Amino acid sequence: MSTGYAVNRVGILTSGGDAPGMNAAIRGAVRTLQCLGIDCFGVRHGYAGLIRGDIIPLDEKIVRGITGRGGTMLYTARSKEFQTSEGVLRASENCKYLGIDGLITIGGDGTFRGAHALSELGDVKVAGIPCTIDNDIGCTSYTIGFDTACNTAVEAVDRLNDTMQSHERCSVVEVMGRKAGHLALNVGVATGATIIMVPEVTYDFERDVVERIRTARLTGRNNFTVIVAEGAEQGQSVATKIQEKLGIETRFTALGHVQRGGPPQIRDRVTATCMGYRAVMLLAEGQSGRLVAMSGDTVIDHDISEALEMEKPFDYDTYNSFSALTFLDRNFFAGII
Ligand code: F6P
């Protein structure tokens, strides 16, 4: 039966690394679809599930109470098969077979490349919702999950700092972020780290790590924290080199997947809910190949192929403030005042 909207049956999937807030986005979309009277299905295991036809009906009852839950109730995966044109074709044909004429894809960069390929075939209208702890999607100032992951990492580093202070040690902490340093930058600033290493900034180990720790030691510090983005360096090798070169007892911690779990923070719950709503409205209006995004505090949307071309700027202002404050660089202030 036709709903009077541009879509009659919408599938929702989560793909790539999970992020806190995915469930809230699913719920936001499902509730909006129900209000509009549009059929709603969950596609399990991301694009792999779309290729296999692994779908379940979704309604308001099934998504009740999931806003505050981490992970994704639909499971997620990185499908190799979907990265081939045959896989995309199979998924598209499955949509036709299942009567799915709209698809909401929740995830990161890889998810949207897949969504773009699928929308190009024209069988299904597609809208994407950016959801990754990396905050590395160019077209949006914010991706769902980032705030929660930052908070989780900050809490862990605060705990590490207590024990490093007691033992007068150096702590090297590796955080996630894929090829970007947004997570590392925010965690480093929020925990008062001695050094933050991100892929966007090149380092001379002797000058930017060894000398900086030495300088901090001369000012009376006896414990140090180095936050290393996984895309910048191997945290373990940074720790080994610091111990060797400075003779400071150093401990390495990789925070790993703990950063991806846990109940989403308010920002992620609210953003996800609003983006879920927006994605449905785009499809209901008949738009396709759109990517929901944030511009400051406002929800907007972009053409997906244009969005995929955009690069996420690194926040050099924050990075430079951090550097200036950490090393009390009088030259830096002399240059601006
Ligand atoms: O993109 C999210 C992310 O957590 C990255 O920060 C990290 O590099 C990657 O996923 C880890 O992937 P996996 O869960 O497959 O180990």
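Positions are given from 1, in the same order as the sequence printed here. Excluded from the calculations below are hydrogen atoms, water molecules and symmetry mates; all remaining heavy atoms, backbone and side chain alike, are included. These numbers were taken from a predicted model, which means no experiment stands behind them. As the structure lists them, so they are numbered: ligands from 1, and atoms in each ligand from 1.
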Do E93 and K96 pass the salt bridge (charged side-chain N to carboxylate O under 4.0 Å, His left out) test, and can you show the C-alpha distance, the side-chain angles, and the key distance before you say yes or no?
CA-CA 5 Å; E93 278 168 355; K96 259 198 296 190; 5.7 Å; no
I'd like to know if R90 and E86 make a salt bridge, using a cut-off of under 4.0 Å between side-chain N and carboxylate O.
no
Flag the pair E244 and K241 as a salt bridge only when some basic side-chain nitrogen lies within less than 4.0 angstrom of an acidic carboxylate oxygen.
no
Give me the residue, atom name and distance of the protein heavy atom closest to atom 11 (C) of ligand 1.
R260 NH1, 3.5 Å
Using 30° and 60° as the class boundaries, would you call the ring planes of Y47 and F82 parallel, tilted or perpendicular?
parallel
Short N/O distance, under 3.5 Å, between I133 and ligand 1?
no
Give me the nearest non-hydrogen protein atom to atom 2 (C) of ligand 1 as residue plus atom name, then the distance to 0.1 Å.
D134 OD2, 3.3 Å
Answer yes or no for G108: is there a heavy-atom contact with ligand 1 below 4.0 Å?
no
Give a yes/no on ligand 1: does H257 have at least one heavy atom closer than 4.0 angstrom to it?
yes
Hey, does the side chain of D268 reach the backbone of T148 with a donor-acceptor pair shorter than 3.5 angstrom?
yes
Can you tell me if D101 uses its side chain to pair, donor with acceptor, with the backbone of N8 under 3.5 Å?
yes
Counting non-hydrogen protein atoms only, what is the nearest one to atom 7 (C) of ligand 1? Give residue, atom name and distance.
E230 OE2, 3.2 Å
Which heavy atom of the protein is the closest neighbour of atom 15 (O) of ligand 1, given with residue, atom name and distance?
R78 NH1, 2.5 Å
